[in-house]
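Report on one structure; see the data block that follows.
Heads up: numbering here begins at 1 and tracks the sequence. Values reported hereafter were calculated over all heavy atoms of this structure, with side chains retained and with hydrogens, waters and symmetry mates removed.
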Amino acid sequence: MGLFSGRRKKTKNTHTDFAQNEEACVAKKAVGPFDSKEVQGPGNRIDAGALWLPPAEGTSIQFITDESQTQVIGVVYILGDSALQMQVFAAPKSANIWDEVRLDMRTSIAGQGGSSKEMNGPFGKELMANMPVANSKNFAPHRFLGIDGPRWMLRASLYGRAGSDPRAAAGLLEILAQTVVYRGEEPRTPRELLPLRLPHIAKK
């Protein structure tokens, strides 16, 4: 998997569809993602290191590891035939990086034979992309979102039905809005992945 890779068909939804349907959904609750200093600890969230993950009924959670299977590099919520993938990166104290990352992603997507365009979404600028499906001539819709926080950037991607259907994306966006980032105080290189870990499940 490349640094910013994706997967899945063509969307016919307009900018207005996304703005109206999804902003209404996200506005139901206090909107994050939050920095850990804004909340009183993980609470009922799952502590996965750099991400504190909200429980969400009807979903399953998967953890993505690197090729050596020694490091957790991402988290995926599965809801029906839709998915939300999240990764969190270090950022400079004095600058946001999503604008820069988004431009690099457009170049990367085009280099893979895909296409992308910018849109305004409930969390700001995002990319709507059509990504080539491996070993086929098909394309799959993906949405890429980025949220700049204090010394971090959370990158989220929606795929499956949620890649092109705002109604399918709504529940997953609520999860994103309730996620907390734990940056830690260690100095890190900009765009370095913040460390994730498999959560500890207490034995009953």
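- No donor-acceptor pair closer than 3.5 Å links the side chain of Arg102 to the backbone N or O of Glu118.
- Counting heavy atoms from C-beta outward, Leu53 and Arg45 have side chains that stay 4.5 Å or more apart.
- Inter-residue side-chain proximity for Ser82 and Leu158 is flagged as unmet; no heavy-atom pair is nearer than 4.5 Å.
- A salt bridge is absent between Arg155 and Glu126: the closest approach of a Lys/Arg side-chain nitrogen to an acidic carboxylate oxygen does not fall below 4.0 angstrom.
- Atom CG of Leu176 sits about 6.0 Å away from atom CG of Leu154, to the nearest 0.5 Å.
- Using a 4.5 Å cut-off on side-chain heavy atoms (C-beta onward), Val88 and Leu193 make no contact.
- Partners of Leu103 by side-chain contact (heavy atoms from CB on, under 4.5 Å), not counting sequence neighbours: none found.
- In this structure, the side-chain contact (heavy atoms from CB on, under 4.5 Å) partners of Leu79, at least two apart in sequence or on a different chain, are Thr59, Leu172.
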(message) Would Met105 and Leu127 count as a side chain to side chain contact (heavy atoms under 4.5 Å, CB included) here? Give the steps.
(response) CA-CA 9 Å; Met105 288 178 63; Leu127 286 182; 3.9 Å; yes
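- Note that CE of Met128 and OG of Ser164 are 7.0 Å apart. Values are rounded to the nearest 0.5 Å.
- In this structure, the side chain of Arg106 engages the main chain of Ser116 through a donor-acceptor pair within 3.5 Å.
- Remark: the backbone N or O of Val72 is not paired with any side-chain donor or acceptor of Asp66 at under 3.5 angstrom.
- Between Ala56 and Tyr77, the shortest heavy-atom contact is CB-CE2, 4.5 Å.
- The OH atom of Tyr159 lies 10.0 Å from the CZ atom of Phe144; values are rounded to the nearest 0.5 Å.
- The main-chain N or O of Gly114 is never found under 3.5 Å from a side-chain atom of Asn130 such that the two would form a donor-acceptor pair.
- For Arg151, the side-chain contact (heavy atoms from CB on, under 4.5 Å) partners are Lys93, Arg183, Glu185, not counting sequence neighbours.
- The line from CG of Asn96 to CD1 of Ile147 is 11.5 Å long, rounded to the nearest 0.5 Å.
- With rounding to the nearest 0.5 Å, the separation of CD1 in Ile78 from CD in Gln85 is 9.5 Å.
- Taking Glu38 as the reference, nothing meets the salt bridge (Lys or Arg N to Asp or Glu O under 4.0 Å) condition, with sequence neighbours excluded.
- By the side-chain contact (heavy atoms from CB on, under 4.5 Å) test, Pro150 is found to be paired with Asp35, Trp152, residues two or more places apart in sequence or in another chain being considered.
- Proximity of Phe63 to Pro199: side-chain heavy atoms (C-beta onward) are separated by under 4.5 Å at one or more points.
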(request) Kindly indicate, with the supporting measurements, whether the criterion side chain to side chain contact (heavy atoms under 4.5 Å, CB included) is fulfilled by Leu51 and Leu196. (result) CA-CA 7 Å; Leu51 289 174; Leu196 296 169; 3.8 Å; yes
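- In this structure the side chain of Pro122 reaches within 4.5 angstrom of the side chain of Leu173, judged on heavy atoms.
- For the pair Ile97/Pro92, a side-chain contact is recorded, criterion being any heavy-atom separation below 4.5 Å from C-beta on.
- For the pair Ile175 and Leu84, the minimum side-chain heavy-atom distance is below 4.5 Å.
- Ionic pairing of Asp165 and Arg143 is not present here: no N-O contact between side-chain nitrogen and carboxylate oxygen is shorter than 4.0 angstrom.
- Panel note: side chain Asp47, backbone Gly49; a donor-acceptor pair is recorded below 3.5 Å.
- Inter-residue side-chain proximity for Met131 and Phe139 is flagged as unmet; no heavy-atom pair is nearer than 4.5 Å.
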(message) If you apply the rule side chain to side chain contact (heavy atoms under 4.5 Å, CB included), what do you find for Gln71 with Thr65, and how did you get there?
(response) CA-CA 5 Å; Gln71 181 181 357; Thr65 59; over 6 Å; no
(message) Set out, in order, the CA-CA distance, both residues' side-chain angles and the distance that settles side chain to side chain contact (heavy atoms under 4.5 Å, CB included) for Arg191 and Asp104, then state yes or no.
(response) CA-CA 12 Å; Arg191 299 203 195 189; Asp104 290 347; 2.7 Å; yes
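- Here the side chain of Gln87 pairs a donor or acceptor atom with the backbone of Ile73 at under 3.5 angstrom.
- Annotation: ring-ring contact (aromatic ring centres under 6.0 Å, His included) contacts involving residues 167-194, sequence neighbours excluded, comprise Trp52-Tyr182.
- Of all the heavy atoms in Phe123 and Pro33, the pair that sits closest is CE2-CD, 4.0 Å.
- Atoms CG and CZ, on Asp81 and Arg161 in that order, are 4.5 Å from each other to the nearest 0.5 Å.
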